[in-house]
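One structure is given below, encoded as structure tokens.
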Amino acid sequence: METAVEMRGVSKYFPGIKANDSIQFSVDYGMVHALIGENGAGKTTLMRILYGMYQPDEGEILIDGKPEHYSVKGALQMGIAMVHQNFMQIPGMSVLENIILGHAPKKNAGVIDYKRARKEIMQLMRSLGMTLNPDTIIQRLSVGERQKIEILKALYLGARILILDEPTAVLTPQEASELFRIIRSLRNEGKAIIYISHKLNEVISIADCATVMRKGQVVGNFTSMKQVSERELAAAMIGKSDFSLIVGNHLPCKSDPVLKVTDLWYLDLKLGKATIQNLNFEVKRGEILGIGGVEGNGQQELISLLLGTQTANSGRINLDETDITNFTTHRRRETGLGYISADRMTTGLSLNSTVAENIICGKETTSSYSRWGFLKNKEISSVADQLIQQFDIRGAKCRLPARALSGGNLQKIVLAREISRGPKLLIAAHPTRGLDIGAINFVREQLIRQKESGAAILLITADLEELMAISDRILILYEGHFSGEIQDVASATEESIGLYMGGAGQLLKEEGDTI
Amino acid sequence: MKEKVLSIISPIIAIFLALIVVGVVVICSDQNPLEAYAALLKGSFGSVSNFMSTVRYTIPILLLAISFSICERGGYFNIGQEGQMFMAALTAVAVNDSLRELPKPLLLLVTIMAGVLVSAIISVIPAVLKFYFGINEAILLVMMNYIIELLVTYLMLYSRLADSQAAAMPKSIPLSVSISAPVLYIFTIFIFIGFTAVMKYSVLGYRIRITGKNAAFAKACGIPAARTFLSSALIGGGIAGVAGLFEVLGIYHVMFSNFAIGMGFMGITAALLGRHSPLGMMLGSLVLGALQSGSVMLSTITDVSPEIVQVVQGFVMFFATVSFLYVWKKKKSHLRKSGRNPL
Amino acid sequence: SKPAATNETEPTEQKQAGTQANNSAPGKVWKVAYVSAYAIDELQWLTDMVAGLNTYGEEHDNIEMKIVEAVNANEYEPKIRALAEGGYDIIITSFNGHADATKAVAKDFPDIYFGIIDAKIQDIADYPNLQEFGIDRGYNSFLAGATAAYMSKSNKVAFIGGADIEAVNQIIAAWQQGLQYVNPDIEDTVAYSDTFVDPTIGRELALSLLSKGCDVIGASTGGAEAGVCQAIAESPTDAYYAAYDVHYYDILKGRELGSAVSYLDKMVIMFIEDVTAGKFEGGILKFFGPEMGTVAYEFAKDTPVPEDIQKKVMEISDKILNGEIEIGLEPLHK
Amino acid sequence: MNITDLLTITLRLAAPTILVAQGGLFSMRIDIFNLGLEGFMLMGCFTSIVGAYLTANAYLGILAAALLGTLVMLVYAFFIFELHVDPVVCAIAIITIASGLTRFLLVSWFKSSGRLYLPEGAALSTIQIPFLNHLPFVGPILNNHSILVYFALLVPFLVYFILYKTNFGLSLRAVGMNQEAAVSASIPVKRIQYLSMAIGGMLCGLGGAQLAMASNLFNVGMTNGRGYTAIAALILTGSEPIRTFWACLVFGFAEALVLMLSGEGYPVQILSMLPYVLALMVAILPPVVGKMMLRIRTAKTTGKLLQSTVIETENK
Ligand SMILES: Nc1ncnc2c1ncn2[C@@H]1O[C@H](COP(=O)(O)OP(=O)(O)OP(=O)(O)O)[C@@H](O)[C@H]1O
Ligand SMILES: Nc1ncnc2c1ncn2[C@@H]1O[C@H](COP(=O)(O)OP(=O)(O)OP(=O)(O)O)[C@@H](O)[C@H]1O
Ligand SMILES: [Mg+2]
Ligand SMILES: [Mg+2]
């Protein structure tokens, strides 16, 4: 097969670090080539070099066998396109505008030929089996749809070499498999696809070959994925041979409830329907209750109601004997609520504030951090330092802005803050999203340790594997109500949960309670 | 590396550019630019009394910078300071007039408190509208400034508070209480220290910072975001009011219908020059204060025409912006090394 | 002249006597400063006045003239004080905005002669080195009103004031009385432009007044006057302009009736000459009326006013001067 | 009061503000809060008159204003983009300089303090469009204006077209909304920024020219706050060209109304509040009323909605 890209001895230095260290990397047309490695291994950097955003400090790049020097513009002209880790989109613009941005078809005098653009895009969408109104504003789309727009953007430019940087990190399984379908069809068209992901099962199922990076170097190559197991990939990544993801003990729990939700209703007036319908459930002391389901079935609303940022239309919420239904967020948290936010970049952390500021947030009035309305800066620093150590938050210093940390370490700050409060109930929303396997294990370990020390944990996630790995009991949310409950997690299958997630719960039950 | 050289060279170029442009302008008017520069310097720092005059100009600017900065950090773009100053002063005049019988110290206290209260309220109304209804506060504040200015002119002409002797310049009846200069200085220092302490070391300052940077995060963490946001607007407005009261009670002992006009800009400029760091803001206010007292000298002891004074002021402001930025950048680049640079 | 002040003045007078001995020495150069309360170029009369003062300074070797603007409240006192400290012998300030600052500086510098234009200082007697100049705003405005009333065919006239302030309202008062004196049935409108710098407003205001049928418009509104003049000059029907302080021959081309002028430079020069001649009188308000030659009503050089009407206006002038007509200070309406 | 007169005055008063607001829009849209419109406008006033005065040709004066506006705005852009000066502080400095420099140059170039009149030959003439005379009502309002007024009526639509129909406009909006995304779409960000600022500068210059040419003179401070009005219109409408246009017309209308009423004995200061009170109303009422309505609707529909959904779920 023809070689699309060859990177020879490419190095890139950043202040204090060699992000890429004489990398050899080549990709063929008609292949999905996975690039894997821990957080901070240098994958994104390498791809940014390939995309022309960074210039390599050493080495050369051959595109279609010819050495090239180029910027982003040059890369796009040569047919290299990149879908970034965080979307490079303009939320206020329409799908169409986002796609043609920078490369609009023009009539005379720079006037955009919208008709042609629309036709081309519709055609492209059809060929990929997508149905989307090109005039929808990006803001209104779901994350999965936005991801597809990114790919459309790349294809619209006629990309032959497509870089996907963690495209599934924020996708639901359904959305992910939709994406895979598209990726496969692109590969079959003969495009070269570079695929970065931390989800090893995905890598095995989609990729044809893989390159492994660690600490800026290439440490391994898999030329075929046929016989490779997740365990092997993980081992190559972290350089240890005995590695696996942590799994919980799934013990059914008989203790008294910490969280008790009764008859909870929430109406979304804009949608004109109830997004939470008559929810009743309990989370017990020492239990991880997993709430699964396709995203957008009421998870976000449920979190808001529990956290108190929105008010329920009816129903009660009790936290450890206290009725917190009418409490403010502040009081709920004082009563013993902890929250690991689904969106660590906006609601989980303040990226422009320092690490210490992030760690004490919400606890600033407690006597250990302040007196007479003034902060005890020394104590705060020492507590923060201690937590940084305890949670192994790499690269963090008290007075450093949180922005400087990588995603995995940012999540550790969130954990440190929430766990150090000693919450009675910990709501963990998508706690391992976008993390590498090392970090995932760390988070899981912390959650299990919390549960063992007697906290109740409400795990809300769209990741089936995770849900089944650490939950002791599972509820599936479907259109605002529970479509199924799984008591015995150890013997549940992905298929059965998948059916519940599709709203087929009743059907299953009638067939005679197979679970 | 190239970036770095550029960032050092560009402000120097800008300074020279400013000096040359001002020089050319001054030469065009048949004056000696060196003489003009000397006068500016002498007028601001040349003698004790000139320095005191610099201090006198610095005080309101510093207070306004503090006011702007508190609001800005809380996420409230307070460009309504002129209106707040006017309302504080107006209230002071009104209260002073209607409670004239009170013993002087008590009257002074009541006057100040009433003024501060009203300016704080004036500032918090747009904040409420912003927080609960998502209305852009800048537009509200600008419009309120205009309305208040007109209202003040009207009252300084036709109300009980108008000076019946006024012929050309609408102004109020004289105030019966006043603040002496030393008290004024001490209070300003007090406010400055208080501001530094609150912003750096207090729980409130912490909450204001967090809410201003990321209100959604603050809410999710249980910080009472509404209360924090509104208190930053309230405090900022109150301090703007103090600036107005100091001018009226401490300097003029009467309220002119235009006394606050243009001062809001000065405060904002000082805050931006100092990048919201207390010391930086102090320096920024001092530069602007010096520029004002320097220009008094410029227009009285040199032959530079009044038209030129304004030009020089404008260009020096340019010059100050760039050079300050340079200092700030140098300080910041230490931090940047460890920070993430988006692209 | 004020017996109450004599007690206080005595010690100062002695000092003054001392300085005056020096002053009257031949070759003594007097440093004179005029402090303007408004931006000089915003108001044409002020520009003219300053030009007059500068010419005076150039023509007299013993006078060194300095013009300073102190427009904002926060520069009133600092600038006046800086001048006093800078060795000026005579400092003239202007209007009530400067009043407090001038009093404060005058108190601290008893050797310097201070003058202030029209500032309504109540306790002037306490300041023996300060003289206030009062301006007569009634005489010439009354005549302007009378002329307008004679010339109006539609019986509708209007006046545009720069701001609703006393200084302007006194002018309006006299204008209205002049109108009434000639034609009690005349309909007069008062409008304020609320700006002294915006000719666009002046122009549009005048256009709307013209379209309401006014055919004579008077205006005292600084830079906005030029806009008023243009509206009148362009008017397809006959319309006239009653000017204040300035003539607009170029724009109006025969549509200016005349101008009610105040020669403030003459007033200041008189004061300076009094001081240099050792005839300074402090602690008093000195009133400058038509008899002093500082206010006048001048017909335009290309005035459309017929001879007989001009004569009638001059008769009215005589009546005012000999006290037959008294002019009130309050506008009849606004 | 004569409605035709009122609307004619509205149009004339609004025209310069419209141009300046559309000019400012080009800064706002690339995320530069341009507080300095007042200064740019004043320079436009000055340059147009000086240009026309020196060349005895109004059109050359207008051209000069457009060029200078462009040039100064580019300098401003250079300070912001290259020297990283704060746009607000820089704008305040520009306003100060504009006001001082125009005063100063009048004296040193023309020995004339405060104002400069155009000689008759250099004045900008108004245009008679005969066919408009036949239109009832709108005819007299639209007829007999200077070319710049017609231009001002056209510009918002032109700007709309540029912004939403051309590639440049698309790039410009992208740069303003998300620079990182623009870079990654290989948009030449710097070029777009400078080009956009230049167009804005040109329009501000033209706005100034219209203001000064309408009165055939330059007068110190003659912009009299119109630059700030333009900013208010921009903020009020989220810098949307057509809506900004309407906002400027509304401001112009309020100002015209004040003028028409000011001969009727109302206190000026109170009357002059009208435009600002109006703007406040426009800014405050819709969101507040909207939210109130939502509240009321919520209260009304909650019960119904709950009921219907309960039945629905039970049916399942
Ligand atoms: N803009 C930058 N400036 C300085 N150093 C950087 C920059 N970007 C990346 N680095 C350094 O390069 C290293 C590699 O980062 P990179 O983003 O390529 O990791 P990665 O493999 O993509 O991680 P992940 O899988 O989490 O996305 C990091 O450890 C970091 O120290
Ligand atoms: N500009 C920078 N200067 C110095 N270090 C940086 C810079 N940018 C990133 N880093 C460091 O690089 C590391 C990885 O950064 P990167 O942006 O690649 O995160 P990431 O790999 O995407 O993390 P995750 O996969 O967990 O989201 C972090 O530890 C961070 O401290
Ligand atoms: Mg990465
Ligand atoms: Mg990452």
Side-chain angles (χ1 to χ4, degrees), chain C residues 38-48 50-51 69 156 158-165 188-212 214 217 222-231 233-234 246 248 250-251 253 331 333-334, chain D residues 1-2 4-6 8-13 15-17 45 99-100 102-104 106-107 111-120 123 126 210-226 252 255-272:
Chain C
Y38 303 111
I40 291 154
D41 49 9
E42 278 181 9
L43 302 161
Q44 189 63 48
W45 59 263
L46 196 50
T47 315
D48 295 347
V50 166
E69 284 178 3
K156 278 188 189 167
F159 189 92
I160 303 177
D164 190 357
I165 54 176
D188 89 284
T189 305
V190 177
Y192 297 96
S193 63
D194 210 18
T195 165
F196 285 100
V197 291
D198 193 338
T200 311
I201 294 289
R203 185 185 147 88
E204 298 298 344
L205 202 47
L207 284 174
S208 81
L209 289 168
L210 287 171
S211 82
K212 281 179 193 165
C214 300
I217 297 179
E225 282 165 14
V228 179
C229 292
Q230 257 158 14
E234 289 164 15
V246 190
Y248 288 101
D250 285 351
I251 307 181
K253 294 191 204 66
H333 67 87
K334 284 191 211 165
Chain D
M1 202 186 312
N2 186 334
T4 313
D5 275 358
L6 182 65
T8 314
I9 297 179
T10 300
L11 194 57
R12 277 198 305 255
L13 283 178
T17 321
C45 294
S99 136
T102 48
R103 291 180 69 189
F104 166 65
L106 270 187
V107 178
K111 305 281 168 269
S112 114
S113 188
R115 53 203 58 79
L116 180 67
Y117 298 101
L118 271 190
E120 206 165 336
T126 56
Q210 155 62 16
L211 184 69
M213 287 294 194
S215 309
N216 288 332
L217 86 159
F218 174 78
N219 196 75
V220 288
M222 72 184 302
T223 47
N224 197 20
R226 289 182 174 84
E255 209 182 345
L257 200 62
V258 171
L259 285 185
M260 299 286 278
L261 288 176
S262 80
E264 319 267 326
Y266 301 100
V268 228
Q269 290 80 14
I270 302 296
L271 256 188
S272 305

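Per chain, numbering begins at 1; letters A, B, ... match sequence-line order. What you are looking at is a predicted structure, and each value in this text was computed from that prediction instead of being measured. Just so you know, these numbers use all the heavy atoms, side chains as well, and skip hydrogens, waters and symmetry mates.
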4.5 Å side-chain heavy-atom contact, [X] and [Y]:
| X | Y | value |
| --- | --- | --- |
| C/Asp188 | C/Phe159 | no |
| D/Met213 | D/Leu118 | yes |
| D/Leu257 | D/Leu6 | yes |
| D/Ser262 | C/Tyr192 | no |

[X] versus chain D, heavy atoms under 4.5 Å apart: side chain, backbone, both or neither?
| X | result |
| --- | --- |
| C/Thr200 | both |
| C/Ile251 | side chain |
| C/Leu207 | side chain |
| C/Glu42 | both |

Which region of D/Ser272, side chain (C-beta onward) or backbone (N, CA, C, O), has a non-hydrogen atom less than 4.5 Å from a non-hydrogen atom of chain C, or is it both or neither?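 For D/Ser272, side-chain heavy atoms alone lie under 4.5 Å from chain C.
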Could you check which of C/Leu209, C/Asp250, C/Asp194, C/Ile160 has the highest count of heavy-atom pairs closer than 4.5 Å to chain D?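 Among C/Leu209, C/Asp250, C/Asp194, C/Ile160, the one with the most close pairs to chain D is C/Asp194.
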Against chain D, work out which of C/Asp198, C/Thr189, C/Ile201 has the most heavy-atom pairs shorter than 4.5 Å and name it.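 Looking at each option in turn, the highest pair count goes to C/Asp198.
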Within this structure, what is the CG-CD1 distance for the pair D/Leu261 and D/Ile270, rounded to the nearest 0.5 Å?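 One finds 13.5 Å between CG of D/Leu261 and CD1 of D/Ile270.
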Gap between atom CZ of C/Arg203 and atom CZ of D/Arg12 - 0.5 Å precision: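 Those atoms lie 6.0 Å apart.
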Looking at D/Leu13, D/Leu259, D/Leu217, which has the largest count of heavy-atom pairs under 4.5 Å with chain C?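 The answer is D/Leu259.
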Quick check for you: among D/Thr8, D/Asn216, D/Asp5, which has the greatest number of heavy-atom pairs under 4.5 Å with chain C?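 Ranked by heavy-atom pairs under 4.5 Å with chain C, first place is D/Asn216.
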Pair D/Arg115 + C/Glu225: basic N to acidic O under 4.0 Å: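 So D/Arg115 does not pair with C/Glu225 through a salt bridge.
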